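The first residue in the sequence is number 1, and the count goes up from there. Owing to the predicted nature of the structure, the values given are computational and were not obtained by experimental measurement.
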Amino acid sequence: MKALLVLALCLLPLAVPALEVPPLRARVNDTAGLLSPSTATLLESLLKAHEDSTSNQVTLLTIPSLEGEDLEGFSMRVAEAWKPGQAKKDNGVLLLVARDDREVRIEVGGGLEGALPDITCGRIIRNEIVPRFREGDYDGGILHGTGAILAAIGGVYPAEAPAGEGGAAGKGGDEWWGLVLVGLFVFLRLVKSALFTSGLVGWLVYLVLVPVWVVLGVVVGGVIGIWLGLGLAGLLIVGLGVLRLIFSLTGLGRRWSPGRSSGRRGGQGPIFWGALSGGSGRSSGGFSGGFSGGGGSVSGGGASGKW
C-alpha cells in the first residue's frame, strides 16, 4: 500500500495537463487581448508584407498566463507546433508574451540567428518592449518590438548599444527606425492602393500621393539637384497615372488588387484603409481565414525578459 502511494505521488506531476498550445490562426494571435484592433490589424498587414517579400515568417502569441510552465519550454513547444518559417530555411521568429507572468520571449529559427543573435533579441526586449510594458503600453511595446525584429532582419536595427543606454533608452532618439519602418509600410500600401484599387477610391489615393512625390523630389533634390529631383517626381507621378490607367482599362491589376487580400472580411476595399481603421477581420485573437506555418524549426536561439 505504501509503495502504491509513493508511486502515485511520483506520477502525480505527469497527470497535470500541460498548458495547451493555442492554434495558429494568423501571424498575430492575441489570445490575452493586449492589442487594440487597429494595432493588431496593422501588425498583421506588416508581417504579411514582410513575409511576402522575404519568405521570413514572424509570428506573435500573447497568452493570459503560463499556468506554472517554464517560459522557454512553452515557447519551444509553440514553435514546434506552429513551425514558423520555411522548411530547410528555418527563417521563422516567434514573439511570445505572457501577460500575468509579466514575461516575454523572442524565439528565433536557425536561419535568422545571424541577423537576430541572442544579444540583439535581448536588446530588443530590454529597450523596445519592457519599458513600454511597464507603463501599460502593450500596443507600443509589441509594435516597436516587432518593428525592431523586422529592422534587425533587414540590417537597420542598431547593432551596438548607444552611449548611456538604460532601461528606457529605447524610447528616446533611437526609435527613428521604428517610425521609418511603419511609415514606409504605410507609404507602400498607399502606392499599391493607388495602382490597383478600382474606381474613384483608387484615383483619390493617387491624388493624395501627388504632393508626396513632389516633397520627395524636393528632398532628393538636395542631393542630386532640385530640378533633377522634381523631374524624377514628375516622371513617377506620370508613370503611376499611366500604370493605373493600363491596369484599370485592361483588368491586369485585378490579380494584385488589395481587395483580394486575405484577412479582410468580404475581400472588399484597399487593405491600407482597413489596416489604419482597425477593421473587424479578427477571430479568436487573430484573423479569419486559413493560415499555417511553413514547416520551419527553431534551435533555441533568442532571449527572454521580464517587466
Side-chain angles (χ1 to χ4, degrees), residues 24-30 35 38-61 79 82-95 108-109 111-112 115-116 142-143 145-157 177-178 180-198 202 205 209 240 243-244 247 252-279 281-283 286-298:
L24 177 62
R25 301 183 183 277
R27 296 164 187 83
V28 177
N29 301 267
D30 183 24
L35 297 173
S38 59
T39 298
T41 308
L42 176 61
L43 277 172
E44 180 72 17
S45 300
L46 179 62
L47 295 180
K48 181 182 186 302
H50 177 77
E51 183 177 340
D52 289 345
S53 60
T54 67
S55 83
N56 302 321
Q57 195 173 62
V58 180
T59 55
L60 166 71
L61 172 63
W82 286 9
K83 300 186 183 302
Q86 305 301 309
K88 299 184 180 179
K89 289 186 178 182
D90 297 332
N91 54 345
V93 179
L94 169 67
L95 174 58
V108 182
L112 291 177
L116 276 171
I142 292 175
L143 183 61
T146 305
I149 290 171
L150 300 186
I153 293 174
V156 296
Y157 185 73
W177 54 264
V180 170
L181 189 69
V182 174
L184 179 61
F185 163 74
V186 171
F187 178 69
L188 292 177
R189 285 316 223 187
L190 270 173
V191 173
K192 185 175 181 180
S193 294
L195 280 173
F196 304 122
T197 303
S198 60
V205 178
L209 282 176
L240 189 66
L243 284 176
R244 169 158 179 79
F247 288 145
L252 292 175
R254 293 175 184 171
R255 179 179 177 183
W256 301 281
S257 171
R260 294 174 62 88
S261 300
S262 60
R264 302 294 307 152
R265 198 168 46 181
Q268 296 178 358
I271 195 171
F272 167 76
W273 303 122
L276 294 188
S277 63
R282 305 177 64 197
S283 174
F287 287 70
S288 59
F291 178 74
S292 65
S297 63
V298 297

ask   = What distance do T41 atom OG1 and L46 atom CG have between them, rounded to the nearest 0.5 Å?
value = 12.5 Å

message = Suppose we screen for side-chain hydrogen bond (donor to acceptor under 3.5 Å, both in side chains). Which residues come up paired with Q86, at least two apart in sequence or across chains?
response = none

message = Distance check, rounded to the nearest 0.5 Å: D30 atom CG versus R25 atom CZ?
response = 13.0 Å

ask   = Say you draw a straight line from NE2 of H50 to OG1 of T146; how long is it, rounded to the nearest 0.5 Å?
value = 11.0 Å

key: Heavy-atom pair of closest approach, residues A79 and P84   = O-CD, 3.5 Å

query = Once you round to the nearest 0.5 Å, how far does CG of L61 lie from CG of L24?
reply = 9.0 Å

query = With no hydrogens and no angle check, do the side chains of N29 and T59 hold a donor and an acceptor under 3.5 Å apart?
reply = no

Side-chain heavy-atom pair N56, V93 within 4.5 angstrom cut-off = no

inquiry  = Can you tell me how far apart NZ (K83) and CG (D90) are? Round to the nearest 0.5 Å.
reply    = 10.0 Å

inquiry  = Could you check whether any side-chain heavy atom of L35 comes within less than 4.5 Å of a side-chain heavy atom of L60, counting everything from C-beta outward?
reply    = yes

message = Show, in sequence, the C-alpha distance, side-chain angles and deciding distance for L143 and L43, and conclude whether the side-chain contact (heavy atoms from CB on, under 4.5 Å) test is met.
response = CA-CA 7 Å; L143 183 61; L43 277 172; 3.7 Å; yes

ask   = For the atom pair CD1 (I149) and CG (L94), what is the distance rounded to the nearest 0.5 Å?
value = 9.0 Å

note = Of all heavy-atom pairs linking L112 and G92, the shortest is CD1-N, 4.2 Å

ask   = Is T54 close to I153 at the side-chain level, that is, under 4.5 Å between some pair of heavy atoms?
value = no

task = Locate the shortest heavy-atom distance separating L150 from V58; write the atom from each residue and the value.
result = CD2-CG2, 3.8 Å

inquiry  = Testing the basics here: between E44 and V28, what is the closest heavy-atom pair and its distance to 0.1 Å?
reply    = OE1-N, 2.9 Å

